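Accompanying notes for the structure given below.
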Number of protein chains: 2
Amino acid sequence: MAEQRKAPERKSSDERRDEIVRATLRLVAVKGFAGVTLREVATEVGVVHGLIRHYFSTRDDLVAAAFDFAVTSELASDRAMLDGLDPVAALAGWLASTPEDHYRVWIDAWSEAGRTPALAAALDRHHRDCERILTAVIDRVVDAGLGSSANPAADSRLLTAVADGVAVQHHGIAAIGVTEANDIVFGVAERQLGLAPGTLARANPVPARGQWAEGAALLAR
Amino acid sequence: MAEQRKAPERKSSDERRDEIVRATLRLVAVKGFAGVTLREVATEVGVVHGLIRHYFSTRDDLVAAAFDFAVTSELASDRAMLDGLDPVAALAGWLASTPEDHYRVWIDAWSEAGRTPALAAALDRHHRDCERILTAVIDRVVDAGLGSSANPAADSRLLTAVADGVAVQHHGIAAIGVTEANDIVFGVAERQLGLAPGTLARANPVPARGQWAEGAALLAR
DNA sequence: AGCGTTGTTGTCCAGTTGTATAACACCAGA
DNA sequence: TCTGGTGTTATACAACTGGACAACAACGCT
């Protein structure tokens, strides 16, 4: 009796690899880095779990690649977003609340970084990039004479901390809503950079940071 | 041939239960809520893993009890700490950086809360209590005529967000040190409450929040 | 047309996990 | 002294995990 074998749907190496990474990232947003299994990823992609091994030699490789992809693509889309905006709008857009799916990945990375060196490294890189980007935005605001900053790098660090903390209260604990979250961050930023109260709320481009371009497609199928 | 059975070291129900909860919490601080295993907990306590089932009917019950214990005891020790200090010292003590072990538990709870309703409930309760406590401290500062606040509850929420965000940068990403972490939080608080710069750093009681009394023993054996 | 490469499948395996349960040991009260 | 409750052990089990491998099928190249 001849074995019945389903005709495989063949894809190019890069395409399939990308598919797997995106599926992994999607699952990480729901189950966490420690919670995703090779079989779940395979099911999500629609293949057999053995195939994952053909692209990633180990599970750690897979989740590391997924997080690396998240970091890289989100930063790229954010940079693209900022380029098209005037200084104040860019500042508001950057500080505005991050969408829930993305936040879930970051916070999970924070907690997992202590156990997975690869995650810690990627997280560190991402964080430094974020701080640099925000510093550049602050510089633009100052250069345009719209605000002031004694130490843009320090202010960038401060505002990054506020944004992260507010994101926790908003997404993680559900203690505050989007409007309130933005109010807090905008308020601190306006006070810190000498902007008139309400400036950032008015300048805030509607879709929040990370919902742009590839950013929106980051976790899409 | 008679079976050899080790003579069991018998303990009172409450005592053993407490032992198990503390061991669980200790492991959670290292491996995360999703990472702790009944067998690891049993080994840490020095018993057989079947015994855990005798005290907690399910694994979820165990981790929920462990987190509940963490929340309750940390808040109790924090309250005790604040009572003995003058308003400004209390504010500084509350805002000062949290020790690493404790932080690891909270951040892990943030990420796990989305999947475990019991954790989400305990986290929500803990967060509200923290906000209330800080609000009371701000009230004390204002009542003593040492600072001002248009909306103590809102300022409490803001400062809680800043403290959480700074804790992430300090413990999770290791981007900043203790001194810098405290500088940021103290700076925002002083500006927000109209205190002279440096007031909080000078008033800061050396051992940071959570290292007090039972707080220090929280994760101890 | 023939052939090596590679994307893909199906199956196997050893290890770990949470849960279950029977047997035992100690203790208090009848 | 018996007896029932309970703290404790040992063992079993089904489910699931990451990893390994041989077989197969489509493709590119000559």
Side-chain angles (χ1 to χ4, degrees), chain A residues 1-25 27-28 30-67 112 115-116 118-119, chain B residues 1-24 27-28 30-67 112 115-119:
Chain A
M1 182 170 69
E3 287 185 6
Q4 277 287 353
R5 207 175 263 261
K6 201 169 55 175
E9 182 188 350
R10 215 181 158 84
K11 294 211 175 184
S12 82
S13 178
D14 288 353
E15 200 176 350
R16 184 65 91 189
R17 195 186 160 92
D18 198 62
E19 220 176 8
I20 293 173
V21 169
R22 293 181 121 94
T24 304
L25 189 54
L27 287 174
V28 165
V30 178
K31 333 251 302 187
F33 281 99
V36 288
T37 63
L38 297 185
R39 280 168 173 86
E40 280 175 337
V41 172
T43 304
E44 175 90 3
V45 176
V47 296
V48 174
H49 84 277
L51 185 61
I52 309 292
R53 256 274 296 192
H54 190 254
Y55 289 91
F56 300 91
S57 58
T58 181
R59 200 199 91 109
D60 285 351
D61 277 11
L62 175 62
V63 296
F67 186 60
E112 211 72 22
R115 291 154 231 145
T116 313
L119 279 191
Chain B
M1 181 171 68
E3 287 182 7
Q4 277 288 355
R5 207 175 263 263
K6 199 169 59 176
E9 182 189 350
R10 215 181 159 83
K11 294 211 176 183
S12 82
S13 178
D14 287 354
E15 200 176 349
R16 184 66 91 189
R17 195 187 159 92
D18 197 63
E19 219 176 9
I20 293 173
V21 169
R22 292 181 122 95
T24 306
L27 287 174
V28 165
V30 178
K31 334 254 293 188
F33 282 100
V36 287
T37 284
L38 295 187
R39 281 167 172 85
E40 281 174 337
V41 172
T43 304
E44 175 90 3
V45 176
V47 295
V48 173
H49 80 278
L51 185 61
I52 310 291
R53 256 275 295 194
H54 190 253
Y55 290 90
F56 300 91
S57 58
T58 181
R59 201 198 91 110
D60 284 352
D61 278 12
L62 175 62
V63 295
F67 186 60
E112 210 72 22
R115 291 155 232 146
T116 312
L119 279 190

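Since we're looking at a predicted model, the values are computed, not measured. Letters A, B, ... mirror the listed sequences (proteins, then strands); counts begin at 1.
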Practice task
Rounded to the nearest angstrom, tell me the gap between atom CZ in A:Arg17 and atom P in C:dT6.
Solution key: 15 Å
Problem - A:His54 vs C:dT8: side-chain N/O to OP1/OP2 distance below 4.0 Å - result: no
Practice task
Check the distance between C:dG7's C1' and A:Glu19's CD and give it to me in whole angstrom.
Solution key: 13 Å
Problem - No-H, no-angle donor-acceptor pair, B:Arg53 side chain to C:dG18 base, under 3.5 Å - result: no
Problem - Pairwise side-chain contact, B:Val21 with B:Phe56, heavy-atom cut-off 4.5 Å (strictly under) - result: yes
Exercise for the section: Answer with base, sugar-phosphate or nothing: what part of the nucleic acid does A:Leu38 contact at a heavy-atom distance below 4.0 Å? Expected result: sugar-phosphate
Exercise for the section: Assign A:Tyr55 to base, sugar-phosphate, or nothing according to its heavy-atom contacts below 4.0 angstrom with the strands shown. Expected result: sugar-phosphate
Problem - salt bridge (Lys or Arg N to Asp or Glu O under 4.0 Å) partners of B:Arg16, counting only residues at least two apart - result: B:Glu19
Practice task
Would you please confirm or rule out a distance under 4.0 Å between OP1 or OP2 of C:dG18 and any side-chain N or O of B:Arg59?
Solution key: yes
Fill in the blank from the handout: Per atom distances to the A:Thr37 side chain, the nearest of C:dT9, D:dT17, D:dG7 is D:dT17
Without placing hydrogens or testing angles, list every side-chain donor-acceptor pair under 3.5 Å for residues 57-64 of chain A, not counting sequence neighbours.
| from | atom 1 | to | atom 2 | distance (Å) |
| --- | --- | --- | --- | --- |
| A:Ser57 | OG | A:Asp61 | OD2 | 3.1 |
| A:Arg59 | NH1 | A:Val36 | O | 2.4 |
| A:Arg59 | NH2 | A:Phe33 | O | 3.1 |

Problem - Euclidean distance, B:Glu40 CD relative to B:Leu38 CG, rounded to 0.5 Å - result: 9.5 Å
Handout entry: Gap separating the CD1 atom of A:Ile20 from the CG atom of A:Leu25, nearest 0.5 angstrom
Key = 13.5 Å
Problem - Integer-rounded Å distance: C:dA23 C1' and B:Leu51 CG - result: 15 Å
Practice task
Determine: side-chain N/O of B:Arg16 to OP1/OP2 of D:dT8, distance under 4.0 Å, yes or no.
Solution key: yes
Practice task
Name the nucleic acid region contacted by B:Val36, choosing base, sugar-phosphate or nothing; use a 4.0 angstrom heavy-atom cut-off, strictly under.
Solution key: sugar-phosphate
Completion exercise
Which of D:dG19, D:dT9, D:dA12 is nearest the side chain of A:Arg39? It is D:dG19
Handout entry: DNA chain D: 5'-proximal contact among A:Glu40 and B:Val47 (nearest heavy atom)
Key = B:Val47
Practice task
Compare the minimum distances between each of D:dT17, D:dA20, D:dT8 and the side chain of A:His49, then state the nucleotide with the smallest one.
Solution key: D:dA20
Fill in the blank from the handout: When rounded to whole Å, the CG to C1' distance for the pair B:Leu62 and C:dT17 reads 14 Å
Practice task
Using the closest heavy atom to pick a nucleotide of DNA chain C for each, name whichever of B:Ser57 or A:Ser13 lands nearer the 5' end.
Solution key: A:Ser13
Handout entry: Between C:dT8 (P) and A:Phe56 (CZ): distance, integer Å
Key = 13 Å
Practice task
Rounded off to whole Å, could you give me the CD1-to-P distance for the A:Ile20 and C:dG7 pair?
Solution key: 11 Å
